[in-house]
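Here is the structure we will look at.
Below, read A as the first sequence line, B as the second, and so on, with proteins coming before strands; counting in each chain starts at 1.
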There are 2 protein chains.
Amino acid sequence: MERERANPPRDAYRDPGGRTLADYPRPSVAVDTAVLTVPEGGALGIVLVRPGPGDDASARGRHRLPGTFLHEGERLAEAVLRSLRDKAGVTGLDPRQLHVFDDPDRDDRGRVLSVAHVVTVAARDLVIDETKVALVSVDRIPDLAYRHDAIVRLAVASLRAEYASVPDPRHLLEPPFTLHDLQALHEAIAGTRIPRDAFRRAMQGGLTETGRSRRGVVGKPARLFTIRSSS
Amino acid sequence: MERERANPPRDAYRDPGGRTLADYPRPSVAVDTAVLTVPEGGALGIVLVRPGPGDDASARGRHRLPGTFLHEGERLAEAVLRSLRDKAGVTGLDPRQLHVFDDPDRDDRGRVLSVAHVVTVAARDLVIDETKVALVSVDRIPDLAYRHDAIVRLAVASLRAEYASVPDPRHLLEPPFTLHDLQALHEAIAGTRIPRDAFRRAMQGGLTETGRSRRGVVGKPARLFTIRSSS
DNA sequence: CTAATAGTGTCTATCAGACACTATTAG
DNA sequence: CTAATAGTGTCTGATAGACACTATTAG
C-alpha cells in the first residue's frame, strides 16, 4: 500500500467546522490485562494486583488487573508489555485485544477508556512478586475494582475458544510433551474432564511424533510429541 | 455492585508519581463503522463514504468507512449512531465493537485510535444519500483510506460467524418469511451456495411455523416462519 | 397436461463418545 | 506376579450432504 507521508504538525488538519484534532475531547486511554497461566498440575489461574494503601477511592480494598495508561506515541500492545514487566519478568508475551470498556462510571478518577487485553504465560516463565500480585484460580475470583471481572470473563472465554480444537496455540507447554500432559493442560483451561480417546484423535492431526518416549515412571512409556509446524 | 461516587474534579486523582489524569497523553479517539446490508436479491453490501474535495491528504480520492471523533462524555456506541444518522436515517441499530486500530501511521492527521464497529441494517430500512455514500458489494471493495479495508474484513467475518447456525440474529428479514427467503439471505452473507435440505434441518430448530403460506407465485405455496423467541 | 417451486425420506460418510481390550513399564 | 499408565479397535448415535422422490400451485 503506497502512502505519501507529509508528517504534518499535529494541528495542521482542520475538519469542515474548522476544528483541529486538538479541539476534540481526548479521553485517557488505559490498558488492562488478564494474565492467564496454568500452574504445574493446577487449574487455570490469573494474576491479580493486590489492594494497597496508594489505591484511589474506587479501587480501595479490592484486587484488580495489572494495567497502565497509554504513553505518548506508544502502541497498545507496548503499553501492555510495559505494565507487565514490573509484575512478571516475562518475555515472548503476545497480547491480544479483547474489548474497549467505555462506561463513564467505570472509573471514579474521570473518563477513562480501558482497552482490555489477554496474555498467556507458560507456568515455567511466570515470575511474580507475591507482595504485589497474587495468582488466583479463575473460579475463585474475588470482587474486583474497575469492573475488571468482565475482562476476566472475556479472557477466559477467549482462551477456551482458542484451545477448543488446537493442541497448544499459546505454547503453554514445553515441547516435547506427552498426550497426558497436553490433556491435563486442556482440562485445566476448559475446567472440565475430556474423554481420553476422543482427545487423542482430535489432537493427533496437529502433533508431530518425535520417536522418543518419556521413561522412568510407572507404566508404559508415553510417546513424546511436538506441535506440527504447518500443513 | 455497591460503589461510592464522590464525583471528584477530574484532576483530583494523583498516581504514585504525582501525575494527574490530565498529565497522561490523551490520543484522539475515532469510531469507524462497517455498515453491512443485503439489498433485495443481491449480495452482501457495505456503505462507503465517497471521496470529496474536503478530504485530507491521506484520504484524498479514496473511499472510506463512515466515522467520527468521540465527543465529550459520549459512549462509543453513541458516537457510532451519531455518525450514521447523517448517512442513513435508520433507527434500531445495534453497533458491535470489533477492534481498536492503533497503528501510529494509519492517519496522517496525527495519533488517532480508531475503534472499529460493525452494524447491520435491513435493506428495507437503509436510506442513503447517493451523493455522499455508495452501497458496494463486499467483494468489489475499492482501495480504502485509513486502512479501513482491515475493518471491512473483520466485519464480514464477524457477520458470517454470527449467521453460521442461527436463522436471523440481526433481523435482516421482515417476518414472516419463507425458508427460501432465509436461504437467499444466508447465501448472500456467506457468499456461497448452501445445500437446500441441510439448510432446512439446520434452521428449523430456531424457527416457529405461523401456519400460513405465501401464495400467488408459481409452485407449491411456501410456509411462512418467524424467529423462535427462545427455548 | 407441463413447468416450477416446496417439502420429505433415506442412504452414506464422518465424527464424537463409550468401552473394552492390548501393550509396556516399575517394583 | 500386580499395579499403573499408554495406546488401539470397534460399536453406536448424531449429523451433514447427496439424491430421489412426493406435493401443490400457476397457467
Side-chain angles (χ1 to χ4, degrees), chain A residues 40-42 160-169 173-228 231, chain B residues 40-42 160-169 173-228 231:
Chain A
E40 210 71 35
R160 283 181 178 160
E162 257 192 311
Y163 271 78
S165 59
V166 181
D168 190 14
L173 230 46
E174 175 109 71
F177 47 79
T178 67
L179 276 167
H180 184 92
D181 298 335
L182 187 63
Q183 180 164 353
L185 174 69
H186 276 248
E187 289 180 342
I189 289 171
T192 61
R193 300 304 307 273
I194 301 171
R196 191 170 62 111
D197 36 13
F199 178 76
R200 176 193 313 278
R201 282 188 283 252
M203 289 299 129
Q204 65 193 7
L207 298 175
T208 301
E209 211 159 337
T210 62
R212 288 176 293 147
S213 298
R214 176 164 296 167
R215 316 295 296 260
V217 287
V218 174
K220 180 172 173 176
R223 289 180 296 177
L224 289 165
F225 296 87
T226 56
I227 305 289
R228 158 157 283 155
S231 69
Chain B
E40 209 71 34
R160 285 181 177 160
E162 256 193 313
Y163 272 78
S165 59
V166 181
D168 190 15
L173 231 46
E174 175 107 74
F177 48 77
T178 67
L179 276 168
H180 184 92
D181 298 335
L182 187 63
Q183 181 164 352
L185 174 68
H186 276 249
E187 290 180 342
I189 290 171
T192 62
R193 300 302 309 270
I194 301 170
R196 192 171 62 114
D197 37 13
F199 178 76
R200 177 193 314 277
R201 281 188 284 252
M203 289 299 130
Q204 65 192 5
L207 297 176
T208 302
E209 212 158 336
T210 62
R212 289 176 293 145
S213 299
R214 174 163 298 167
R215 316 295 295 259
V217 288
V218 175
K220 181 171 174 176
R223 289 179 297 177
L224 288 165
F225 296 87
T226 56
I227 305 289
R228 160 158 280 157
S231 68

Closest nucleotide among dG17(D), dG7(C), dT24(C) to the Lys220(A) side chain: dT24(C)
statement: In short, Val166(B) meets His186(B) closest at the heavy-atom pair O-CE1, 3.2 Å
- prompt: What nucleotide, of dA4(C), dG7(C), dA3(D), holds the atom closest to the side chain of Arg200(B)?
  reply: dG7(C)
- prompt: Rounded to whole angstrom units, what separation is found between the CZ atom of Phe199(A) and the P atom of dA6(D)?
  reply: 12 Å
From dA6(D), dT25(C), dG7(C), nucleotide with atom closest to Pro221(A) side chain: dT25(C)
query: Of all heavy-atom pairs between Pro176(B) and Thr210(B), which one has the smallest distance, and what is that distance?
result: CB-CG2, 4.1 Å
- request: For Arg214(B) and dA26(D), give me the distance from atom CZ to atom C1', rounded to whole Å.
  value: 17 Å
message: Just the rounded figure in Å: distance from P of dT15(D) to CD of Gln204(B).
response: 11 Å
Contact summary for Leu179(A) and Arg200(A), nearest pair of heavy atoms: CD1-NH1, 3.2 Å
task: Ignoring hydrogens and angles, tell me if any N or O in the side chain of Glu209(A) forms a donor-acceptor pair with the backbone of Arg223(A) under 3.5 Å.
output: no
task: Give the nucleotide from the list dG17(C), dT8(D), dG7(C) with an atom nearest to the side chain of Pro195(A).
output: dG17(C)
message: Closest approach to the side chain of Arg201(B), judged atom by atom: which nucleotide of dG9(C), dG7(C), dT8(D) is it?
response: dG9(C)
query: Just to confirm, is there a sub-4.0 Å distance from OP1 or OP2 of dA6(C) to any side-chain nitrogen or oxygen of His180(B)?
result: yes
- prompt: Rounded to whole angstrom units, what separation is found between the CG atom of Leu179(A) and the P atom of dG7(D)?
  reply: 6 Å
query: Has the side chain of Arg160(A) got a donor or acceptor atom that lies under 3.5 Å from a matching backbone atom of Ile189(A)?
result: yes
task: Mind calculating the distance between CZ (Arg212(B)) and C1' (dA6(C)) to the nearest angstrom?
output: 18 Å
- prompt: Between dA6(C) atom P and Glu209(B) atom CD, what is the distance in whole Å?
  reply: 15 Å
query: For DNA chain C, what is the dot-bracket line, given that a base pair needs Watson-Crick (N1 to N3, plus N6-O4 or O6-N4) or G-U wobble (N1-O2 and O6-N3) geometry with both distances under 3.5 Å, and | means paired with another strand?
result: |||||||||||||||||||||||||||
field: d(CZ, Arg223(A); P, dA23(C)) in whole Å
entry: 15 Å
query: dA3(D), dA6(D), dG7(C): which one has an atom nearest the side-chain heavy atoms of Val218(A)?
result: dA3(D)
- request: For Asp168(A) and Leu182(A), work out which heavy atoms get closest and say how close.
  value: CB-CD1, 4.4 Å
task: Write down the distance between CE (Met203(A)) and P (dG17(C)), rounded to a whole number of angstrom.
output: 11 Å
- prompt: Would you say Thr178(A) and Leu224(A) make side-chain contact, with heavy atoms under 4.5 Å?
  reply: yes
task: Quick one: label Arg215(B) by what it contacts on the DNA or RNA (base, sugar-phosphate, nothing), any heavy atom closer than 4.0 Å.
output: sugar-phosphate
- prompt: Given dA6(C), dA18(D), dG7(D), which nucleotide is nearest the side-chain atoms of Arg196(A)?
  reply: dG7(D)
